[in-house]
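The first residue of the sequence shown is numbered 1, and numbering continues consecutively from there. We count ligands from 1, going down the list as the structure has it; atoms in each ligand are counted the same way.
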Amino acid sequence: MTQKMALILTLALCFSLTKIAYAQMAPYGTEARQRAAALITQMTLDEKVGQLTQAAGLKLSGLSAGPPDDLIAQGKVGSVLWLTDVKEINRQQHLAIEKSRLHIPILFGFDVIHGYRTVFPVPLGMASSWDPEVEEQAQRWAAEDARTAGIRWTFAPMVDIARDARWGRMVEGAGEDPYLGAAMARAQVRGFQGGSLGMDSVLACVKHFAGYGAAEGGRDYDASYIPEELFRNVYLRPFYAAERQGVGSFMSAYMDLNDVPASGNRWLLTDILRGEWGFKGFVVSDAIAVGNLVKHGYAKDPADAAYKAFNAGVNMDMASLTYSKNLAQLVREGKISEKQLDDAVLPILAIKYQLGLFDRPYVDESKVEAMLSRPEGLALERKLAARSMVLLKNENETLPLKSSLKNIVVIGPLADSGRDIEGGWTVEGTFGAGSKSHPVTVLAGVKNRLRSAAPITYVAGPMPQREFPSFFDDFLGIQQLPPPTAEEIRDTLAKVKSAAASADVVIAVLGERFGMSGEYASRASLDLPGIQEQMLETAAGSGKPIVLVLENGRPLDIRWAAEHVAAILESWYPGTEGGDAVADVLFGDVNPGGKLPVSWPRSAGQEPLYYNHNLTHDPEDAPNFKSRYWDVSSKPLYPFGYGLSYTKFDFTNLHLSKTSFKAGEATEVSVEVTNTGSVVGDAVAQIYIHQRYGSASRPMRQLEGFKRLRLQAGETRTLKFSLGKEELEFWSPQAKEWVVEPADFDVWAGEDSTAKLHGEFSVTR
Ligand code: BGC
């Protein structure tokens, strides 16, 4: 039999599991749909286009001349964004309800990404908890605040897979893994929307559909080239999970996807999203992405851009007003039918009904302040922040610190920066009159913890700056400072040296300013910016124990620190109560249990770096392995899934309920986890699989199960995970469909993606 024939036979015999669109529950009920359909029969062409138009609610230089009052009064705006002033929200809503002919309420949208006033850890941090409950609770809290303040639509969750730490927006998502990403996506949709959309929900918007994180060179907005199998097996998985969870809206991405901009990509927005998945909600473009189809060299002019985006499946145009100016004419010319227009409007109106906006359009201004200032939010934030931290190193049990320490030195400009500890995309910090959340810095947190028991010496040092500011810096009025002079550097280092000399311990709080990661914040190097590394090395020169607390939105090049400092705690941007939460972990009130949601590189040159890559003919762990770089190991500094605890765990007795079973059936993996240390702690059990052969090379490991659990000292628990169709199937590039193939598989259970405890099973025809 020729190889080709054998392959065809294998493909024909393998259990085919095409993901046929079994209709997703629409994010709105029959009544909402019927009311929407009835309303559409009364609408003029312009009013219909109005519902497909989202306008900036305020003056923004280069984007909008001011509140869109005239358009609202004429019924030509369906949604308004970037507005948080409650009085202004009510004023614009009154205009829509009282002045427009059909009194259709506006849907106000905003980026409520990780909290409203109480700011939770950045999403990459929350994903590090490996606990979907963390995301769900945080987003539920954020949704309650946002809803009370008039925001009924959030542009979250961001579920872009990020395999390259140079890409600044890694901070907004759940990292590199499709399985973890899918779990976090579902949790966030549940948090924002509840079980189903209703009066109490905030409409979620899963973004950026799709492939944005694969931007070439990690440069934000740059093109992505992703083969279909990689796209389906990795990049789409969290989006699909959000869709199954009932997410009501999708946001199309900015960049070119395989040469067709995502916001004008019919294969993506119609064939896959509506056709294969059966999505019934609506798609909004990313900001000005419809107009930008011209800039991409994809559309001839704004009319062509409106046509291409609409025809691809973008219901609503965010902020470019390209639909507003061109769609009606396209309908009059017969290029777009009125039926197509009605179909695009229907889900938007149905969702407005479902959210109860027609019945309760206004904000009760008297309730907002009390809601946003709920003190329980701070306690929740502190708890979730501590759950999100990852202990990367702890030599000689340097941590937890003893409360009896006499002389603590804190260094680093981030240690006392309230603005930075909350990270980017903070509602009141970004668009409001400044943050009202009163964030607790690490310096304040350590002081709070010790009260006045020990003197704390603080050496701040110069705040690092971006080489090239972003438009957000201009927008937020962030002042660009000149780099420190040689004298300032000498002076800072001398202060660090003398403070460290008399310290019992030095806590170095280093990393990136909040605007150094996020949108428009890609980097070519992953070094600690500014003179932070010099400060660290100077402090370490004292020979005193150094605890490095990282505040950042992506892994950094910390090779020197990993070798020379005693302990490293990754806190990400931990949020409003972040400093207290860091102190909780440093002093052992909380035992850290977070794990890395990304592979931690040694240097930027390793990127993109991810654990679930293929083996190649010269696999990395082979004795004669000699390919890849000759100057740096190909392995990460810390693997995906890694994180330490103040206790130790043992994984034993991996058992499979079946070691051979038919495609479509499942086996159950059980594993025993024991806390072998002397304090209570959280383990995260992780299950990885590998398919040894088939119609495609499969990743050397792929996460297909995890569970965070708390174990008392000495306690053992048995965990069970099912491996069936959902975990074993993949999109075969040769079969061009979803398959579970007859093959032999490896399975590993343990604490990170290098887990050793191993089993094997076979799938048969
Ligand atoms: C970002 C989106 C965001 C939108 C609205 C865009 O620049 O890419 O993530 O939701 O702005 O603020």
Side-chain angles (χ1 to χ4, degrees), residues 53-64 79-84 107-116 122-124 139 142 146 151-162 167-174 185 188 192 202-215 219-222 224 238-239 242 247-257 261-263 282-293 295-296 309 314 316-321 423-432 470-476 515 517-522 553:
T53 298
Q54 184 179 51
L58 69 177
K59 185 169 187 279
L60 283 176
S61 85
L63 263 181
S64 131
S79 173
V80 164
L81 85 163
W82 296 322
L83 202 58
T84 53
L107 177 59
F108 289 93
F110 200 87
D111 294 275
V112 184
I113 306 293
H114 53 122
Y116 198 97
V122 287
L124 190 65
Q139 302 304 28
I151 306 296
R152 297 302 306 276
W153 184 16
T154 177
F155 307 125
M158 190 280 220
V159 305
D160 293 311
I161 295 290
W167 188 56
R169 303 198 76 170
M170 174 182 268
V171 64
E172 295 176 52
Q188 293 190 68
F192 287 125
V202 165
L203 171 67
C205 181
V206 67
K207 70 186 188 185
H208 307 82
F209 199 54
Y212 187 28
R219 291 177 297 271
D220 207 4
Y221 311 136
D222 224 327
S224 295
F239 285 97
V247 73
S249 65
F250 270 63
M251 184 186 294
S252 64
Y254 278 132
M255 78 305 143
D256 285 343
L257 171 65
S263 293
F282 69 91
V283 175
V284 64
S285 73
D286 201 341
I288 51 174
V290 175
N292 279 347
L293 292 180
K295 282 202 199 160
H296 279 253
V314 173
M316 189 183 278
D317 166 13
M318 182 188 281
S320 82
L321 298 184
W425 281 131
T426 59
V427 177
E428 292 182 324
T430 307
F431 280 77
S470 97
F471 64 76
F472 289 109
D473 293 332
D474 297 341
F475 178 68
L476 296 171
S517 58
E519 188 174 349
Y520 221 102
S522 294

* Spacing of Arg169 atom CZ and Glu519 atom CD [to the nearest 0.5 Å] -> 4.0 Å
* Asked: In Å, rounded to the nearest 0.5 Å, how long is the span from OH of Tyr520 to CG of Asp220?
  ->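 Taking OH in Tyr520 and CG in Asp220, the distance rounds to 9.0 Å.
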Would you call [X] a ligand 1 contact, heavy-atom distance under 4.0 Å?
{"X": "His208", "value": "yes"}
{"X": "Trp425", "value": "yes"}
{"X": "Tyr254", "value": "yes"}

Just which atoms of ligand 1 are under 4.0 Å from any heavy atom in [X]?
{"X": "Met251", "answer": "10 (O)"}
{"X": "Asp111", "answer": "3 (C), 5 (C), 10 (O), 12 (O)"}
{"X": "Arg169", "answer": "1 (C), 2 (C), 8 (O), 9 (O)"}
{"X": "Asp286", "answer": "1 (C), 2 (C), 3 (C), 4 (C), 6 (C), 7 (O), 8 (O), 11 (O)"}
{"X": "Phe155", "answer": "10 (O)"}

Taking every non-hydrogen atom, the tightest pair across [X] and [Y]:
{"X": "Tyr254", "Y": "Ala287", "value": "CE2-O, 3.0 Å"}
{"X": "Cys205", "Y": "Val247", "value": "N-CG2, 4.2 Å"}
{"X": "Asp256", "Y": "Pro261", "value": "OD1-CG, 3.2 Å"}

* Asked: Under the 3.5 angstrom rule, does the side chain of Ser285 hit a backbone N or O of Ser263 as a donor-acceptor pair?
  -> no
Ignoring angles and geometry beyond distance, decide whether [X] reaches within less than 3.5 Å of ligand 1 through its nitrogen or oxygen atoms.
{"X": "Trp82", "result": "yes"}
{"X": "Lys207", "result": "yes"}
{"X": "Glu519", "result": "yes"}

* Structure fact -> The side chain to side chain contact (heavy atoms under 4.5 Å, CB included) partner of Leu58 among Thr84, Leu83, Leu63 is Leu83
* To do: Tell me which part of Gln54 gets within contact of ligand 1: side chain, backbone, both or neither, using heavy atoms under 4.0 Å.
  =>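 Neither part.
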* Would you mind telling me if ligand 1 is within reach of the side chain of Met158, the backbone, both or neither, using heavy atoms under 4.0 Å? => neither
* **Distance-only side-chain donor-acceptor flag, Trp153 / Ser79, under 3.5 Å** =>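 Side-chain D/A pair, Trp153 to Ser79: absent.
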* Phe239 vs Asp160, side chain to side chain contact (heavy atoms under 4.5 Å, CB included): CA-CA, chis, key distance, verdict -> CA-CA 8 Å; Phe239 285 97; Asp160 293 311; 3.6 Å; yes
